[in-house]
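Right, one structure below, let's go through it.
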Amino acid sequence: MTAPKQLEPRILAAAHWYAIQTRYRSERKVAALLQSQGVETFLPLLEQIHHWSDRERPVDIPLFSGYGFVRVILSPGSRLGVLRTRGVIRFVTFGGEATPIPSGQIDDLRMLLLQKVPCALHAFLKIGQQVRIRGGCLNGLEGILEQNGENNLVISIESIQRSVSIKIAGYELELI
């Protein structure tokens with residue numbers, strides 16, 4: 001959520017986003033511990049209204065339960081530093097290698113959450129058309145077009161196989 005401690009621009013450019021798996025309900029604690037170590041983190045939070053018998057209250061919950069994102073230069077030392085953080089289980093890997101997440105996917109998630117667009121978790125999709133929104137507050141947002149009676153845009157984070165779906169009624173779309 002915060003930038004690393006005054007890293008030079010050329011060093012920051014070499015850093016990539018990676019997904020980490022965390023212990024159950026430890027996402028915030030892990031993000032805070034990593035930030036205190038100078039690691040840039042991103043924990044997407046979604047505001048939901050929780051209902052109790054005597055009140056309703058907005059509560060921020062992790063969008064992807066059990067996962068967070070870190071931006072690091074993946075060296076053995078930085079990898080070990082992240083893995084030794086209390087609550088971190090592992091880096092999300094494919095073929096034994098931590099897989100970088102394109103910065104554009106992280107930027108799209110940030111924009112979506114900042115605009116407070118109503119969204120919900122969505123089953124992970126690999127098929128469908130890649131589209132980009134043209135105009136409006138979500139201009140440039142990219143994702144997979146899904147049609148289930150009404151148009152939805154699905155933004156997928158491949159490495160953790162999680163997706164978010166938003167209604168795109170009224171937005172102009174272009175194929176990528």
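The figures here come from the full heavy-atom set of this structure, side chains too, leaving out hydrogens, waters and symmetry mates.
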Original post:
Does CZ in Arg90 sit with more than 12 non-hydrogen atoms of other residues, nucleotides or ligands closer than 6.0 Å?
Top reply: yes
Original post:
Nearest 0.5 Å, what's the NE2-OG distance between His16 and Ser103?
Top reply: 8.0 Å
**OP:** Would you kindly check if the NZ (Lys) or CZ (Arg) of Arg162 is within the cone defined by 45 degrees around the ring axis of Tyr67 and under 6.0 Å from the six-membered ring centre?
**Re:** no
**OP:** State plainly whether one hydrophobic cluster holds both Met111 and Val117, where clusters connect Ile, Leu, Val, Met, Phe, Trp and Tyr through side-chain heavy atoms under 4.5 angstrom apart.
**Re:** yes
Original post:
Should Trp17 and Asp107 count as side-chain neighbours, where that means a heavy-atom distance under 4.5 Å?
Top reply: no
Subject >> Within-4.5 Å side-chain heavy-atom neighbours: Leu63 and Leu109 >> reply: yes
Subject >> Nearest heavy atoms of Ala98 and Thr93, plus distance in Å >> reply: N-CG2, 3.7 Å
Subject >> Minimum side-chain heavy-atom gap Glu56-His51 below 4.5 Å >> reply: yes
Original post:
Does CD belonging to Glu47 count more than 12 external heavy atoms closer than 6.0 Å?
Top reply: yes
Original post:
Are Ile89 and Phe91 co-members of a hydrophobic cluster defined by side-chain heavy atoms under 4.5 Å apart?
Top reply: no
Original post:
Closest heavy-atom contact between Leu113 and Pro44?
Top reply: CD1-CB, 3.4 Å
Subject >> Ile20 vs Leu34 side-chain heavy atoms within contact, under 4.5 Å >> reply: yes
**OP:** Taking all non-hydrogen atoms of both residues into account, name the closest pair between Leu43 and Pro62 and its distance.
**Re:** CD1-CB, 4.4 Å
**OP:** Determine the minimum heavy-atom distance between Tyr18 and Val72, stating which atoms define it.
**Re:** CE1-O, 3.6 Å
Subject >> From Gln35 atom CD to Thr85 atom OG1, the distance as rounded to the nearest 0.5 Å >> reply: 11.5 Å
Subject >> Test log, rule side-chain contact (heavy atoms from CB on, under 4.5 Å), inputs Leu141 and Ile166 >> reply: CA-CA 11 Å; Leu141 194 65; Ile166 61 170; 3.9 Å; yes
Original post:
Honestly curious: do Leu33 and Val70 fall in one hydrophobic cluster under the side-chain, below-4.5 Å linking rule?
Top reply: no
Subject >> Side-chain heavy atoms of Asp108 within contact of Glu142, under 4.5 Å >> reply: yes
Subject >> CG-CD1 distance between Leu138 and Ile133, expressed to the nearest 0.5 angstrom >> reply: 4.5 Å
**OP:** Could you grab the distance from atom CD of Glu27 to atom CD of Gln21, nearest 0.5 Å is fine?
**Re:** 10.5 Å
Original post:
When rounded to the nearest 0.5 angstrom, what distance separates CD1 in Ile61 from CG in Leu46?
Top reply: 5.5 Å
Original post:
Got a second to check how far Ser165's OG is from Leu153's CG, nearest 0.5 Å?
Top reply: 7.5 Å
Subject >> Within 6.0 angstrom of Phe94 CZ, more than 12 heavy atoms from elsewhere >> reply: yes
**OP:** Search all heavy atoms of Arg28 against all heavy atoms of Leu45 and return the closest pair with its distance.
**Re:** NH1-CD1, 3.9 Å
Original post:
Less than 4.5 Å apart, any side-chain heavy atom of Arg71 and any of Ile106?
Top reply: no
Original post:
Does Ser26 use its side chain to pair, donor to acceptor, with the backbone of Lys29 at less than 3.5 Å?
Top reply: no
Original post:
How close do Cys119 and Leu112 get, heavy atom to heavy atom, and via which atoms?
Top reply: SG-CD2, 4.3 Å
